[in-house]
S.K.: 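Pasting in a structure now, in C-alpha cells, and then I'll have a few things to ask.
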There are 2 protein chains.
Amino acid sequence: MPPTARERVRAELTAEITAAARRQLAEVGAAALSLRAVARELGMASSALYRYFPSRDDLLTRLIIDGYDALGAAAEAADDPAAPPRERWLAVCRAVRAWAREHPHEYALLYGSPVPGYAAPRDTVPAASRVGVALGRVLGDAARAGALPDTDGERDPGLVSEEAVAVLGGEHPALDEAVRVRALLAWSALYGTLSFELFGHFAGSVQDADRYFDRAMGELAGLIGL
Amino acid sequence: MPPTARERVRAELTAEITAAARRQLAEVGAAALSLRAVARELGMASSALYRYFPSRDDLLTRLIIDGYDALGAAAEAADDPAAPPRERWLAVCRAVRAWAREHPHEYALLYGSPVPGYAAPRDTVPAASRVGVALGRVLGDAARAGALPDTDGERDPGLVSEEAVAVLGGEHPALDEAVRVRALLAWSALYGTLSFELFGHFAGSVQDADRYFDRAMGELAGLIGL
DNA sequence: TCGATGTGAGAGCAGTGCTCTCTGTCGAGA
DNA sequence: TCTCGACAGAGAGCACTGCTCTCACATCGA
C-alpha cells in the first residue's frame, strides 16, 4: 500500500532533520553537534526531535552511514573499469581525497577518533566497506587480466581473513597472501595520508599537497604491483 | 633562588591535576573529559582549577604535549643505534604501536580527529616531532652507513620542505626526493595502520594483528630501501 | 605589622542530552 | 458520522557541562 500522509510527512521531516544535522556537522564538527541547535534551526522544540531519533547517538549513526555511502558512491563513480589498473587505483584514491577535503568533518567522524561511549552498530558495516570493495574490484580485475606481476608465491596464511579475501579481489592465483597484505597496507596508508593532511600532521613537511598525494598513491600502486 | 613554599605546592597541585586528568582521559576519552569531574576527584571546587589552567583546552594542551613526549620517549628508548637499519625501523614502529595500544585514548587525542574549535598551539610541535625525528635518525644513519640502495636519483624538488629534510636524515646524496617521499609515506602509513587497528576499521579483515603489523612495517621498510 | 598577592569556595549563567507530562491533531474503524 | 487511540509537538524539569564573578581567607615580603 502507498505511504499514508502521516508517513510521508514523517519521512520528510526526518530528512530535514538529518540535513540540518549534516549542515551543523560541517560547521562545528561531530563533538559539538547539538540536538538543541538542530531543533532551533528547524523551529521546533528539542524534545520533539526524540520522536524521530531516540538519541543523539542514533542521529550520529544516521550521519555516519550517510557519510560512508556518499564516500563510497564518490569512489565508485571515479572508477572507470576500462582504464588501466594503475589509473583506476589512482582515480579512486583521488576521489576519496576529494570527498574528504570537501567534507572534512564528516571524514573525521568516519575515520577519526571514535566517539567515546559510542559503538558503531552493525548497520554501518556495509556502507563502510564500499570504498574497500571498490579498491578490491580494481585489484581483482587486474589479477584476472594478468596485470599483476607474478610473485614468489609467498604464503603466510591466516593473516587476512576470508571476508577480506572476498573483498580484495576474490580468489585468484596471482593474489597471494603477500599481495593482499600489501593491498590492505595501501588501503590504510591512503587513510593515514588523508588523516595527516586533514588533521594537520604534515604541518610544514609537505609543500604541495596535491603533488605529494599523487606521488604517494603512485608509490602504493607500485608496492601492490599495479 | 629556590622555589618558595607557595611555588612548590602550586607545582605539586598542578601535577596532581594533570595526573587526575590523564586518569580520566584513559577512562572516558578526551571528548568526555570533564573539568568538574577532575575537581571532584581532587576534592576541590571546579572553579579552583581555573587558577591552574585558564581553560579546559589548556588542560588538553598539557595532556597532548605530555602524550607526544611519552610516545616520543618510548620510540627513542626502543631505538638501538647499533642494530641494523631495518631492525631499528621495526623496533621503533613496534614501540609506537605498543604505546598506542597501552594508551588508546591518548593516541586518539594525538592522532584522531582534532577537537573542534581547538587549534593545537605552537608548543606542541617539538614534542610532536619526536617520533618523526627518531625515524629520521634511522634513515640518516642508514644513508651515512651506505645501507640505502642507490636510487635513480629521481628529482622532484619542492615536494618535501626544508624542515622535513632536516628531520628525515639531513642532507645526503643517498637521500633524494624519492626516498624522502617514501619515508614520509611510510610514516603516515604507520599511523594509518595504527588508527585502523585502534579505531576498529580492520574489523574482521586482519586475523592476527601482531603478525600483520610486523609484516606491514616490513613492507614499508622495504619500500624505503631499509 | 600591614598591604599585596595568591588561593579556594560558592553562586550563578548559558548551554547540553534526555525524560515526563500535557495538549492538540489526525485518521481508521464502528 | 462519530469516537477513540495513535501520534506529534511543546514545555518544564533534571542532572550535567565550561566558565565567570565575587567574597573570604591564607601567606609572604617590605
Side-chain angles (χ1 to χ4, degrees), chain A residues 1-18 20-21 23-25 27-64 105 109 114-119 121, chain B residues 1-18 20-21 23-25 27-64 105 109 114-119 121:
Chain A
M1 67 183 87
T4 69
R6 231 180 201 164
E7 283 171 343
R8 271 220 326 275
V9 72
R10 184 183 173 83
E12 239 170 73
L13 194 41
T14 306
E16 267 183 61
I17 292 173
T18 56
R23 234 171 297 140
Q24 242 220 319
L25 178 65
E27 272 175 38
V28 300
L33 192 154
S34 144
L35 262 177
R36 289 176 120 108
V38 171
R40 242 186 325 253
E41 186 176 331
L42 297 179
M44 61 198 295
S46 68
S47 55
L49 280 191
Y50 288 84
R51 302 272 180 207
Y52 297 85
F53 293 94
S55 79
R56 180 177 172 277
D57 283 0
D58 290 86
L59 179 54
L60 267 185
T61 301
R62 180 78 262 145
L63 294 179
I64 288 176
H105 282 116
L109 177 63
V115 181
Y118 167 82
Chain B
M1 66 185 91
T4 69
R6 230 181 202 164
E7 283 171 344
R8 270 220 326 275
V9 72
R10 184 182 174 83
E12 240 170 73
L13 194 42
T14 306
E16 267 184 60
I17 293 172
T18 57
R23 233 171 298 138
Q24 242 221 319
L25 178 64
E27 273 177 35
V28 299
L33 192 153
S34 143
L35 263 176
R36 290 177 119 108
V38 172
R40 230 174 290 135
E41 186 176 331
L42 297 179
M44 61 197 294
S46 67
S47 55
L49 281 190
Y50 287 85
R51 302 273 180 203
Y52 296 84
F53 293 93
S55 79
R56 180 177 173 276
D57 283 0
D58 290 87
L59 179 54
L60 267 185
T61 300
R62 179 78 263 147
L63 295 180
I64 288 176
H105 282 115
L109 177 62
V115 180
Y118 166 82

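Any value given below was found using the heavy atoms of this structure, including those in side chains, with hydrogens, waters and symmetry copies removed. Predicted model, so just to flag it, every value in this text is computed and none were measured. First the proteins, then the strands, lettered A, B, ... as listed; each starts at 1.
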S.K.: What is the distance from CG of A:Leu59 to C1' of C:dC18, rounded to the nearest Å?
M.R.: 14 Å

S.K.: Remember a base hit wins even if backbone is also touched, and classify A:Leu33 as base, sugar-phosphate or nothing at under 4.0 Å, heavy atoms.
M.R.: sugar-phosphate

S.K.: To the nearest 0.5 Å, what is the distance between CG (A:Leu33) and CD (A:Glu27)?
M.R.: 10.5 Å

S.K.: Roughly, in whole Å, what's the span from CE in B:Met44 to C1' in C:dG10?
M.R.: 14 Å

S.K.: I need the CD1-C1' distance between A:Ile17 and C:dG17, as an integer number of Å.
M.R.: 15 Å

S.K.: Run the side-chain hydrogen bond (donor to acceptor under 3.5 Å, both in side chains) test on B:Asp58 and B:Thr61 for me, step by step, so that the C-alpha distance in whole Å, both residues' side-chain angles and the decisive distance to 0.1 Å come before the verdict.
M.R.: CA-CA 5 Å; B:Asp58 290 87; B:Thr61 300; 5.4 Å; no

S.K.: Taking only residues at least two apart or on different chains, which pairs with a member in residues 43-52 of chain B satisfy side chain to side chain donor-acceptor pair (under 3.5 Å)?
M.R.: none

S.K.: Round to a whole Å and report the spacing from CG of B:Leu42 to P of C:dT7.
M.R.: 16 Å

S.K.: Are B:Arg51 and C:dG6 close enough that a side-chain N or O sits under 4.0 Å from OP1 or OP2?
M.R.: no

S.K.: Between C:dC20, C:dT16, C:dC18, which one does the side chain of A:Tyr50 approach most closely?
M.R.: C:dC18

S.K.: Between A:Tyr52 and A:Arg36, just flag the one whose closest nucleotide in DNA chain D comes earlier from the 5' side.
M.R.: A:Tyr52

S.K.: Can you give the first and last nucleotides of DNA chain D, 5' to 3', that have an atom under 4.0 Å from a heavy atom of chain A?
M.R.: D:dA6 to D:dG13

S.K.: Which part of the nucleic acid does A:Leu13 contact within heavy-atom distance under 4.0 Å: base, sugar-phosphate only, or nothing?
M.R.: sugar-phosphate

S.K.: Once rounded to the nearest 0.5 Å, what's the spacing between atom CG of B:Leu49 and atom CD1 of B:Ile17?
M.R.: 5.0 Å

S.K.: Return the value, rounded to whole Å, for the distance between atom CG of B:Leu49 and atom C1' of C:dG8.
M.R.: 11 Å

S.K.: Could you give the distance from CZ (A:Arg56) to CZ (A:Arg36), rounded to the nearest 0.5 Å?
M.R.: 13.0 Å

S.K.: With a cut-off of less than 4.0 Å, is there a side-chain N or O of A:Ser34 near OP1 or OP2 of C:dG17?
M.R.: yes

S.K.: Can you check the A:Leu35 CG to C:dG17 P distance for me, whole Å?
M.R.: 5 Å

S.K.: Nearest-nucleotide wise, let me know which of B:Ser55 and A:Ala48 is further upstream toward the 5' end of DNA chain D.
M.R.: A:Ala48

S.K.: My understanding is that only residues two or more places apart in sequence, or in another chain, count here; which of them pass side-chain contact (heavy atoms from CB on, under 4.5 Å) with A:Ala37?
M.R.: A:Gln24, A:Ser34, A:Arg40

S.K.: Grab the CZ-P distance between A:Phe53 and C:dG17 for me, whole Å please.
M.R.: 14 Å

S.K.: Drop me the distance from B:Ile64's CD1 to B:Leu25's CG, to the nearest 0.5 angstrom.
M.R.: 9.5 Å

